[in-house]
Amino acid sequence: MSRGPAVIITEKDNAARRIAEILSDGTADTERVAGTTVYNWGGNRCIGLSGHVVGVDFPPEYNDWRDVEPVELIDAPIDKQPTQEGIVRALRQLARRASHVTIATDYDREGELIGKEAYELVREVNEDVQIDRVRFSSITDREVTEAFDNPDELDFELAAAGEARQVIDLLWGAALTRFLSLSARQLGDDFISVGRVQGPTLKLIVDREREIEAFDPEDYWELFADLETDEAGGFESQYFYRDEDGNEAERLWDGDRADAVYDALTESETAAVDSVNRRTRTDSPPAPFNTTQFIRAAGSLNYSAQQAMSVAEELYTAGYLTYPRTDNTVYPEDLDPRELLEAFTGDSTFGDDAEGLLAADEIEPTEGDEETTDHPPIHPTGELPSRSELSDDEWEIYELVVRRFFATVADDATWEHLKVVAEIADREVVDGEPPTEDLTLKANGKRLVEAGYHAVYPYFSQSETHVPDVTTGDELAITDTQIEAKQTQPPRRYGQSRLIETMEGLGIGTKSTRHHTIEKLYDRGYLENDPPRPTMLAKAVVEAAEEFADQVVSEEMTAQLEADMEAIAAGEKAYDEVTAESRRLLEDVFDDLTDSREAIGDQIQQSLKADKTLGPCPECGDDLLIRTSRQGSYFIGCNGYPDCEYTLPLPSTGKPLLLDEICEEHELREVKLLAGRKTFVHGCPQCQADAADAEADRVIGNCPECGKEHGGELAIKQLRNGSRLVGCTRYPDCEYSLPLPRRGDIEITDDHCEEHGLPELLVTYEDEDRESWELGCPICNYREYQARQNGSALEAIDGIGEKTAEKLQIAGIEDVAGLKNANPDKLAEEVDGVGVDTVRDWQADAD
DNA sequence: GCAAGGTC
């Protein structure tokens, strides 16, 4: 019998490459099979999948949403079909001749399912071959060799647990998504989605928004006093008192009382130190990075979750970081921190820190609470990129991960805390109230005594508060007092990283998907802005779900599913039992839903409209809405259309977002245009349209840049900062502009430039002493200016750069002779940021 | 055009 190759299957190409390298001692070659890379040595082949290469779905006859009642999906058949054709073909081709198959997918539940998918593909073409399973949690020599020396079997029960999840997610997600979309008549791109993970995530955000909306702020006051010692300098202290439970309290809830305390404080001249407490606090270095903690740290450097992950994925693919999708916060035994630190010695950025850390007698890395088998925590691989081959973002993230690793092997930091309490004895506090009481002040100082890990990980605050070394009994002078009126604040919105941490805590989503879920909620029109805020649509969907299908927005569905999956994996429940029960529950949901179809649809449609509503139409009083033209551009139109044809334009750059700010004059919500880095606030669209109308009176011709294609026109514009220019009416879509002088009135004459067709402009002055002058055609004027620029003598003068020369030329000073003859006072007045003395200096220099 | 989970 001919012996075919032994085939090893991993979850991704990267893992295949590294395993081939280890098992072949670096001798493996690559070949392409059906377009897929296969690693090849001796009688062995190693192939990497791309995660799931097959997916579950309904058969094609269920594809048309309008033909199939959503409820029918509950009992519809579910197929498994290849989703990565090339890889599936390559796998079949290898499997046909295989003498032995080893499944080496990731060591977690989804990895077991991906392994089973590979197993089934192999079995389709080869009934007899032996199929093993190996498990390792980091791709190191020792772990991989050990795993291949002791192969195990695929855990079909664990894989079945994953299959139950797939089916339940599909049934609930597809049936309810179709139901909501159909009832609100939102088909095509604007469908209304719900699911086991996006539902509860959205509810977290909506619930928080409800708390914020319901929040009733309360007034309170805080009091401060500046204290001064004779020799050690001044510091700030805060008034406090003991509440009923004997705890220190700083907030005064009664304004009259706050005023009385403030008066008493202000009248006092000294306070006596009552106690001085000093204690040292140990500040331990952070645990290794798992995905969630990495996203959080990158978030504090202003990366969105999605951005942080894609940068980390690139650095992983390039070989500089370990796998970025992991739950683990405990380094594997195989990781020798000393060896990894040594990789950094001699490096210009990290060398000194690495050497400093290596000088320690003992290196004991920190450990987090999560210890899992999936992958090691995120750390640098020890292969160093050069600064120039990474983008700024990549470098910043790389440095963060390197420094986090450094921190986990660094020493504790030590802080010294100093608390000083001072008293103003026996002051009468409340007018007319007989009892007197002591006024107490406190100050908390902290000082970083031992920088420890902060020296290599500068991302946490190291700010110190200075409180001088005083002794009990010292008299302190009160040099100033302040009263601050404050209000209690509503809870804060979730930022993306807080949201991901909360999801992790509730067991919603996985390390690989949480950031995608948040992106999805933005895409579906449920979230706007960052930190994310829910739209009216989001609130309506959550409300409808709470009423009829609470499971799909509650985290308990995941908790229940987790419990069921554990039971399947443990052999206590069967896959069929769990999926049948879930189908029954979903049928119950649909029993209630079907009657309310119209009500739910109406509610969602109203919310969709509210998300687009700006305010009253000035013509008919109906609502003005954001609408989309046939060409796909946005504009503002009236809900009363076609009876009312009122419209307002919107810039074509970006996607409009309605703000809460309302224009007082027109009662319309202001508009912001989201366009990545080019995002800008458009403001009240009516005000903008009025301003554009004013400009229209001063239109002088077609825009040379976009006039032919888009009909842009040139107009004389007055900007908010007071300066003027000739600009395109399609700004900001077209940024064509020509400069104009800052002073004087611009008159449009009847003469036209033959070359450009624009009217000649005349600059006149109210000041009768000042003569008017012809600026001419603004394009010619600018061309002349540019021509002069090339050989401009003005810039030869010290202190005149390109910008200043431009300003001078616009003011009619063309050359050094002109500058010499100019009246310094007038010129200084005309040119921004230039004083009389400066002009005189230039004139002296010109001589 | 649905979900959530892999990976790119």
Side-chain angles (χ1 to χ4, degrees), chain A residues 10-16 36-37 48-58 60 62-68 70 72-74 76 78 80 83-84 86-87 105-106 108-118 159 161-182 184-202 291 309-318 323-326 374-375 503 507-521 523-524 549 551-553 557-558 561-562 565 582 586:
Chain A
T10 69
E11 189 155 323
K12 46 195 161 278
D13 174 67
N14 215 308
T36 304
T37 306
L49 307 176
S50 183
H52 293 284
V53 292
V54 296
V56 292
D57 209 347
F58 303 108
Y62 289 84
N63 279 356
D64 192 330
W65 293 26
R66 277 160 301 198
D67 275 2
V68 182
E72 289 177 44
L73 293 176
I74 302 175
I78 292 177
K80 226 183 233 190
T83 50
Q84 302 276 344
I87 296 174
T105 48
D106 291 355
D108 55 18
R109 184 173 56 219
E110 217 60 25
E112 210 65 22
L113 175 53
I114 292 166
K116 191 200 166 192
E117 289 160 4
E163 286 178 309
R165 178 202 61 70
Q166 284 186 319
V167 168
I168 290 169
D169 282 343
L170 175 63
L171 289 175
W172 284 74
L176 289 170
T177 293
R178 287 195 192 183
F179 177 87
L180 289 178
S181 303
L182 285 163
R185 292 184 187 73
Q186 290 285 303
L187 298 177
D189 287 345
D190 298 324
F191 65 89
I192 313 260
S193 68
V194 280
R196 176 181 58 84
V197 173
Q198 53 177 288
T201 306
L202 192 56
T291 301
M309 283 310 286
S310 47
V311 175
E313 279 155 17
E314 275 164 38
L315 291 167
Y316 153 72
T317 314
Y323 194 61
R325 298 188 268 260
T326 176
D374 55 352
H375 298 279
M503 290 169 77
I508 304 173
T510 72
K511 60 209 173 194
S512 318
T513 59
R514 288 183 195 114
H515 58 286
H516 289 149
T517 301
I518 295 174
E519 282 303 303
K520 190 178 283 181
L521 295 176
D523 287 349
R524 300 284 154 85
Q551 294 95 322
V552 86
V553 285
M557 182 164 173
T558 290
L561 183 61
E562 281 293 334
M565 284 196 287
S582 187
L586 186 54

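Just so it is clear, the values below take in all heavy atoms, side chains as well, and ignore hydrogens, waters and symmetry mates. In the text below, chain A, chain B and the rest are named by the order of the sequence lines, each starting its count at 1. Remember, it's a predicted structure, so these values are computed and weren't measured experimentally.
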Nearest heavy atom decides the nucleotide; on that basis, is A/E110 or A/G173 closer to the 5' end of DNA chain B? A/G173

Any base atoms under 4.0 Å from A/G509, or only sugar-phosphate, or nothing? Heavy atoms, all strands. sugar-phosphate

Presence of A/T317 side-chain N/O under 4.0 Å of B/dC8 phosphate oxygens OP1/OP2: no

Report the distance from atom CD1 of A/I114 to atom C1' of B/dG5, rounded to the nearest whole Å. 8 Å

Just the rounded figure in Å: distance from P of B/dG6 to CD of A/E112. 14 Å

Compare all side-chain heavy atoms of A/K511 with those of A/D108 and state whether any distance is below 4.5 angstrom. yes

Would you say A/M557 and A/I168 make side-chain contact, with heavy atoms under 4.5 Å? yes

If I take atom CG in residue A/N63 and atom C1' in nucleotide B/dA3, what distance separates them, rounded to the nearest angstrom? 15 Å

Would you kindly give the CG-to-P distance between A/D108 and B/dT7, to the nearest whole Å? 8 Å

Counting side-chain heavy atoms from CB outward, which of B/dT7, B/dA4, B/dG1 is closest to A/F191? B/dG1

Taking only N and O in the side chain of A/S512, is any of them less than 4.0 Å away from OP1 or OP2 of B/dT7? yes

Can you tell me the distance, in whole Å, between the CD atom of A/Q551 and the P atom of B/dA3? 18 Å

Restricting to non-hydrogen atoms, name the atom on A/S50 and the atom on A/I87 that form the minimum distance, rounded to 0.1 Å. CB-CD1, 3.7 Å

Would one find a side-chain N or O of A/R178 under 4.0 angstrom from OP1 or OP2 of B/dG1? no

Do the side-chain N and O atoms of A/Q198 and A/S193 include a donor-acceptor pair separated by under 3.5 angstrom? yes

Among B/dT7, B/dA3, B/dG1, the one nearest A/W65 by side-chain distance: B/dG1

To the nearest Å, give me how far apart CD (A/Q84) and P (B/dT7) are. 12 Å

Has the side chain of A/T105 got a donor or acceptor atom that lies under 3.5 Å from a matching backbone atom of A/T10? no

Would you mind classifying the nucleic acid contact of A/D57 as base, sugar-phosphate or nothing, using non-hydrogen atoms under 4.0 angstrom? base

Given B/dG5, is OP1 or OP2 found less than 4.0 Å from the side-chain N or O atoms of A/K511? no

Under 4.0 Å: is that the gap between some side-chain N or O of A/R524 and OP1 or OP2 of B/dA3? yes

Taking only the side-chain heavy atoms of A/K520 (C-beta and beyond), determine which of B/dC8, B/dG5, B/dA4 contains the nearest atom. B/dA4

Using a 3.5 Å distance criterion without hydrogens, assess whether the side chain of A/R325 forms a donor-acceptor pair with backbone atoms of A/S512. no

So, does A/Q198 get its side chain near the phosphate of B/dA4, meaning an N or O under 4.0 Å from OP1 or OP2? yes

With hydrogens left out and only the distance checked, is there a donor-acceptor pair under 3.5 Å joining A/D13's side chain and the base of B/dC8? no

Calculate the interatomic distance between A/L170 atom CG and B/dG5 atom C1'; express it in whole Å. 12 Å

Would you mind telling me which residue lines up with the more 5' stretch of DNA chain B, A/D64 or A/T517, judged by nearest nucleotide? A/D64

Is any N or O donor-acceptor pair between the side chain of A/S50 and the base of B/dC8 shorter than 3.5 Å? yes

Using only side-chain N and O atoms of A/S193, determine if any of them is under 4.0 Å from OP1 or OP2 of B/dA3. yes

To the nearest angstrom, the CD-C1' distance between A/E163 and B/dA4 comes to 15 Å

Tell me what A/V194 touches on the nucleic acid: a base, only sugar-phosphate, or nothing, going by heavy atoms under 4.0 Å. sugar-phosphate

